[in-house]
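In what follows, a single structure is set out as structure tokens and then discussed.
Chain A is the first sequence line, chain B the second, and so forth, proteins listed ahead of strands; every chain is numbered from 1. Just so you know, these numbers use all the heavy atoms, side chains as well, and skip hydrogens, waters and symmetry mates. Quick caveat, the model's predicted, so the values are computed rather than measured.
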Number of protein chains: 2
Amino acid sequence: MSVVSLDTAGGDGKVHDQVYDALADALIKGQIPPLNPVSLRTLAANLGVSPMPVREAVRRLIAEKALELQASNKRLRVPDLTEKRVLQLMKAREWVEPELAALATPRMTKDAIRRLRDDDAKLMKALSSGDVGGYMQANQDFHFCIYAQADADLFYDLARTLWLQVGPFMRVVFGRLGTVQLPKDHHQDMIAAFESGDPEAVRVSMQADVREGMEMMLDVIRSRAEPEPKRRRAQSK
Amino acid sequence: MSVVSLDTAGGDGKVHDQVYDALADALIKGQIPPLNPVSLRTLAANLGVSPMPVREAVRRLIAEKALELQASNKRLRVPDLTEKRVLQLMKAREWVEPELAALATPRMTKDAIRRLRDDDAKLMKALSSGDVGGYMQANQDFHFCIYAQADADLFYDLARTLWLQVGPFMRVVFGRLGTVQLPKDHHQDMIAAFESGDPEAVRVSMQADVREGMEMMLDVIRSRAEPEPKRRRAQSK
DNA sequence: GCGCGTATATTGTGATCACATCGACGCCGC
DNA sequence: GCGGCGTCGATGTGATCACAATATACGCGC
């Protein structure tokens with residue numbers, strides 16, 4: 001059984017869109033590790049469709065850099081992240097996501113804020129029980145609940161694209177660090193800033209939240225640069 | 001004869017990439033007006049390939065929002081720009097492009113700066129002779145010569161995506177305003193800032209350049225909102 | 001002459017087939 | 001036992017076919 005599966009909700013949407021959603025969801029949740037090879041036919045078989053719609057979904061994900069097609073190899077896989085790349089992703093996230101949050105501030109409804117509290121509660125619970133998947137899900141829900149309020153589709157999609165690229169690596173980060181010493185996240189401050197309707201306070205909270213998360217990832221990237229010198233014939237499993 | 005054509009340079013590259021490049025080039029140069037419908041089979045016929053690689057290229061361009069697939073209509077076309085969308089594009093461009101320019105500053109070679117002067121000269125010439133196509137080409141060359149030096153592929157691609165979206169509309173802008181009262185562009189200031197190696201000066205010049213161009217586009221968008229009340233049976237051509 | 005319904009053509013979508021290329025496995029010879 | 005080499009399988013890519021849905025054009029009836 002693969003980590004990807006179709007919605008199977010009413011056959012209305014185009015198949016390649018369902019395939020895209022399934023893959024994007026798996027990627028953004030970190031269910032597909034970096035460097036993991038993916039093949040059209042295998043995916044198609046797992047999803048019970050022909051390779052055709054998978055090709056279109058994959059083409060779209062390649063355009064968003066959520067997948068890559070090795071030039072020499074011509075094999076399809078989840079891209080690895082270099083330090084240079086992470087730095088760019090960090091800068092980009094530090095720009096769009098505070099921007100989205102600031103735009104959302106005057107549009108935040110009582111209901112949305114309630115959902116925010118709810119997501120944050122789920123997040124804390126997952127954190128204390130060591131549920132990585134639950135944590136990532138709750139964190140994603142929290143952030144995108146905000147972004148959806150911003151009424152800025154272009155920025156929203158940009159943020160989604162960025163998350164698509166960092167998603168696979170978040171799982172790696174948690175694998176190294178565990179959910180124990182995670183961040184004191186800034187969700188509480190952010191919620192308070194939303195309630196007082198202060199866009200600038202929201203902005204700084206969001207930026208701090210993004211920055212700290214990405215710096216954690218940066219540390220992991222850097223720490224894995226040298227510490228595995230040779231490791232001949234010492235494969236795991 | 002269509003405005004799109006293949007490179008026909010050695011059959012090395014994948015066909016769908018050539019198709020993508022051809023379409024992207026036509027779009028970024030504004031050779032395909034907004035709301036212009038395109039069809040897979042027509043494009044395929046014009047390019048002398050099967051509809052298959054065209055589908056992949058188009059799928060990629062849809063992901064980049066350079067094309068859109070009308071939900072109801074299910075017809076493929078170049079997206080129109082709303083004011084809200086232009087404002088987001090402006091904000092995004094005002095962030096990435098100065099960022100790219102600042103990153104490029106310490107990496108600017110003598111040769112690159114020479115090319116910048118060359119492009120700017122071509123730009124001025126095209127401007128005085130009213131050559132819209134030449135102006136857009138020279139302006140594109142100028143900007144992306146800078147961005148290529150930044151060594152920041154993620155930002156570079158983001159800038160490309162944004163240009164892909166504004167491209168079709170630039171031609172519309174020129175159609176309304178002509179090349180006459182174009183901007184005093186900030187290219188000279190920018191080149192000077194590059195030579196003195198001042199990233200902040202480069203940043204402000206680039207931001208001013210982008211901002212003024214986009215404000216021009218914004219004016220056109222706003223001015224076309226109401227001024228054509230009915231205009232029944234007054235089709236051009 | 002004009003409106004409306006039908007027929008035709010064209011559209012995007014999905015499936016299937018054909019092919020060149022590359023990796024992996026296994027066999028043979030040393 | 002082990003290295004080189006050939007075969008087989010899998011991969012992405014492209015072409016062609018089939019199909020449902022829609023826009024467009026034509027013609028009939030009023």
Trace of the side-chain contact (heavy atoms from CB on, under 4.5 Å) decision for A:Met90 with A:Glu215: CA-CA 8 Å; A:Met90 180 165 63; A:Glu215 269 175 351; 4.3 Å; yes
Verdict with reasoning, A:Glu99 to A:Tyr147, per side-chain hydrogen bond (donor to acceptor under 3.5 Å, both in side chains): CA-CA 9 Å; A:Glu99 182 71 27; A:Tyr147 305 155; over 6 Å; no
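What separates CE of B:Met52 from P of C:dC19 is a distance of 17 Å, to the nearest Å. To the nearest angstrom, C1' of D:dA21 lies 8 Å from NZ of A:Lys14. Between the CG atom of A:Leu43 and the C1' atom of D:dG12 there is a distance of 13 Å, rounded to whole Å. Rounded to an integer number of Å, the gap from B:Leu69 CG to C:dG12 C1' is 7 Å. The distance from atom CD of B:Gln70 to atom P of D:dA21 is 18 Å, rounded to the nearest whole Å. The distance from atom OH of A:Tyr20 to atom P of C:dT13 is 16 Å, rounded to the nearest whole Å.
Taking a 4.0 Å limit (strictly below) on heavy-atom distances, residues 54-63 of chain B reaches DNA chain C at B:Arg55, B:Arg59.
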Polar atom pairs (N or O), protein with nucleotides 9-11 of chain D, under 3.5 Å:
from	atom 1	to	atom 2	distance (Å)
D:dT11	OP1	A:Ser39	OG	3.0
D:dT11	OP1	A:Thr42	OG1	3.3

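Here B:Arg115 does not pair with B:Asp119 in a salt bridge; the nearest charged N to carboxylate O distance is not below 4.0 Å. Ion pair B:Lys84/A:Asp151 flagged as a salt bridge, since at least one NZ, NE, NH1 or NH2 atom sits closer than 4.0 Å to an Asp/Glu carboxylate oxygen. Under the 4.0 Å criterion applied to side-chain N and carboxylate O atoms, B:Arg85 and A:Asp153 are assigned as salt-bridge partners.
The ring-ring contact (aromatic ring centres under 6.0 Å, His included) contacts involving residues 26-56 of chain B comprise nothing, where partners must be two or more places apart or lie in separate chains.
The closest donor-acceptor contact from the side chain of B:Arg107 to the backbone of B:Gln149 lies under 3.5 Å. Counting only distance, with no hydrogens or angles, the side chain of A:Gln88 and the backbone of B:Leu154 share a donor-acceptor pair below 3.5 Å.
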